[in-house]
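Here the structure is laid out as structure tokens; the discussion comes afterwards.
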Amino acid sequence: MTDLSNDAHARGLDDRDPLPTLRGEFHIPMHGDAEQAYFCGNSLGLQPKGARAMVEEVLDKWARDAVEGHFLQPAPWMPYHELVREPLAAVVGAQPSEVVAMNSLTANLHLMLASFYRPTRERPAILMEAGAFPSDRYALESQVRFHGFDPAMDLVEVEPDECDGTFSMAAIERAIAQHGPRLAAVVWPGVQYRSGQAFDLAEIARLGHAAGAIVGFDLAHAVGNLPLHLHDSGADFAVWCHYKYMNSGPGAVAGCFVHERHARTDRPRFAGWWGHDQSSRFRMGPDFVPTSGADGWQLSNPPILGLAPLRASLDQFTRTGMEALRAKSERLTGYLESLIRAHLADVLQIVTPREAERRGAQLSLRVAGGRTQGRALFEYLSGHGILGDWREPDVIRISPAPLYNTHADVLRFARAVEAWRDGR
Ligand SMILES: Cc1ncc(COP(=O)(O)O)c(C=O)c1O
């Protein structure tokens, strides 16, 4: 199983895998004459070959039909975002009316906080993880300030309590219990970007709600990576991007979930015409009447060219299904883990939790010898067509994406690390 020299074994695992790879449906970047072993799907997923046709369809329609493209078949632009609604709801485990593709992740986080973070003098605080992705922290800190509160007091950052910088559920529970009476909101990641740790979202939502707080999730690293059950989790809102595991291109249009119990909310919101009740939107009246569901948080008419690749990507997720994809992901990441533990433990320490239910595709690997050795290994790998990504000061993140990565890719990575170690 873990023999580093046995190509045939890795190929056999690929050939016999219950979910045949969709690698042939992707553009795989080249390294010289060979394909890269690309492990950066947690940063920018590869391009599905079908994306080009979707974009060209829009360009052709624009050339041919101009303004009438809003109404003419196929795929008129006026209801274009509805084309992605159902497949997207399936990916995140939501009802179709609970999801909408719009804006970017950070913009959606602000829009959600504008509605759901309603601090009072008694309950001003937001609870988040320490070491969060900077944009999340900037957003939450600026929201606290915007409402006239002091982040030093009212942005509560839970410190990781496990030795590799991960969080036990007990630590999250303790923090919510300790700050509960002052909490207006809990905002937590589905998968932590640095460590790759996955969280029990339903349990976090339960704890947050029991404390009287609103609960929202940042699913940037979870969507398309783990099966999600957003509706059943009870979360109030969630936001995510589509350029990582969802393979919809750089800066792709993002996603947003609003639980159906808020469908007709009278909570304040930042409004725009695309969130207005559709039946009367074009009467162009002065008063905003929100359409129900997540659609009611849209501001502008959507960037159709930006949405087009998402259709190609979602088609792949619909054909494979999140459960089958996750099962394959566990096999690939489990294989990566077993090779590292058997052969490379003196070079790479796995920071990501060991239990499959506490991680997604990504393993975060701390390189022995610190930054200098870490950079040397990272550059050696890049020079051999093996692309992970680097997180200061000493971590390489490797994310086998089950739609296009193979056991052979994983073996290639492990062999290259071995060759670097033995050649030092
Ligand atoms: C966890 C997390 N939050 C927020 C962002 C920022 O996303 P955007 O630039 O799409 O707003 C990212 C981007 O990678 C991320 O990984």
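These numbers were taken from a predicted model, which means no experiment stands behind them.
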Over all atoms of both residues, closest heavy-atom pair of Tyr245 and Ser399
OH-OG, 3.5 Å

Quick one: do Asp315 and Arg319 make a salt bridge, cutoff under 4.0 Å?
yes

I'd like to check Leu403 versus Arg23 (side-chain heavy atoms, cut-off strictly below 4.5 Å). Are they in contact?
no

Euclidean distance, Phe39 CZ relative to Ile396 CD1, rounded to 0.5 Å
12.0 Å

Counting C-beta onward and ignoring hydrogens, is there a side-chain heavy-atom pair between Phe237 and Leu109 closer than 4.5 Å?
yes

Check for me whether the distance between the ring centres of His31 and His384 falls short of 6.0 Å.
no

Using 4.0 Å as the upper bound for N to carboxylate O, is an ion pair formed by Arg326 and Glu323?
no

Any side-chain heavy atom of Ile214 sitting closer than 4.5 Å to one from Arg267?
yes

Could you tell me which non-hydrogen atom of Pro302 sits nearest to which non-hydrogen atom of Trp274, and how far apart they are?
CD-NE1, 3.5 Å

Distance-only side-chain donor-acceptor flag, His70 / Asp65, under 3.5 Å:
no

Could you check whether Arg412 pairs with Glu35 (Lys NZ or Arg NE/NH1/NH2 to Asp/Glu carboxylate O, under 4.0 Å)?
no

Do Val410 and Leu339 touch side chain to side chain, with heavy atoms closer than 4.5 Å?
yes

Would you say Ser248's side chain and Met246's backbone share a donor-acceptor pair under 3.5 angstrom?
yes

Hey, what do you get for CG (Leu113) to NE2 (His147), rounding to the nearest 0.5 Å?
8.0 Å

Is a donor from one side chain sitting under 3.5 angstrom from an acceptor on the other, for Asp164 and Thr166?
no

Any chance you could measure Gln95, atom CD, to Arg85, atom CZ, to the nearest 0.5 Å?
12.0 Å

Residue from Thr21, Asp17, Asp14 passing side-chain hydrogen bond (donor to acceptor under 3.5 Å, both in side chains) with His407
Asp14

So, His262 versus Phe116, ring centres under 6.0 angstrom or not?
yes

Electrostatic pair Asp394:Arg371 at N-O distance under 4.0 angstrom:
no

Please check if the side chain of Thr333 supplies one atom and the backbone of Ser329 the other of a donor-acceptor pair under 3.5 Å.
yes

Spatial distance of atom CZ (Phe217) from atom CH2 (Trp240) [nearest 0.5 Å]:
12.5 Å

When you check the side-chain N and O atoms of Ser135 and Thr106, is any donor under 3.5 Å from an acceptor?
yes

For the pair Ser313 and Asn247, evaluate side-chain hydrogen bond (donor to acceptor under 3.5 Å, both in side chains) and give the outcome as yes or no after the intermediate values.
CA-CA 6 Å; Ser313 161; Asn247 307 318; 4.9 Å; no

Answer whether the closest heavy-atom distance between the side chains of Thr320 and Leu19 falls below 4.5 Å.
yes

Taking atom CD of Gln143 and atom OH of Tyr117, what is their separation to the nearest 0.5 Å?
7.5 Å

In terms of the angle between their ring planes, are Phe378 and Trp390 parallel, tilted or perpendicular, with boundaries placed at 30° and 60°?
tilted

With Leu230, which of Val99, Val91, Leu219 fulfils side-chain contact (heavy atoms from CB on, under 4.5 Å)?
Leu219

Given the rule in the side-chain contact (heavy atoms from CB on, under 4.5 Å) test, do Val351 and Leu365 qualify, once you have shown the distances and angles that lead to the verdict?
CA-CA 6 Å; Val351 170; Leu365 306 171; over 6 Å; no

Between Glu57 and Lys61, does at least one N-O distance fall below 4.0 Å, as a salt bridge requires?
no

For the pair Ser142 (side chain) and Ala139 (backbone), establish whether a donor and an acceptor sit closer than 3.5 Å, ignoring hydrogens and angles.
yes

Between atom CG of Leu140 and atom CD1 of Ile126, what is the distance when rounded to the nearest 0.5 Å?
5.0 Å

Distance-only criterion, 3.5 Å: show the donor-acceptor pairs between side-chain atoms of residues 170-190 and protein atoms not counting sequence neighbours.
residue, atom, partner, partner atom, Å
Arg182, NH1, Asp154, OD1, 3.3
Arg182, NH2, Asp154, OD1, 2.7

Within-4.5 Å side-chain heavy-atom neighbours: Leu59 and Leu305:
yes

Please identify each residue that fulfils ring pair (Phe, Tyr, Trp, His ring centres under 6.0 Å) with Tyr404, with sequence neighbours left out.
Phe26

Can the ring centroids of Trp273 and Phe282 be said to lie less than 6.0 angstrom from one another?
yes

Donor + acceptor pair across side chains of Gln192, His221 (<3.5 Å):
no

Pair Arg311-Tyr80, side-chain donor/acceptor within less than 3.5 Å:
yes

Please examine the side chains of Glu129 and Glu159, heavy atoms only from C-beta on, and report whether any two atoms are closer than 4.5 Å.
no

Which heavy-atom pair separates Ala66 from Trp77 by the least distance, and what is that distance?
O-CZ3, 3.5 Å

Student check: side-chain heavy atoms of Phe270 and Trp297 closer than 4.5 Å:
no

Can you confirm whether the side chains of Gln298 and Ser300 place a donor and an acceptor under 3.5 Å from each other?
no

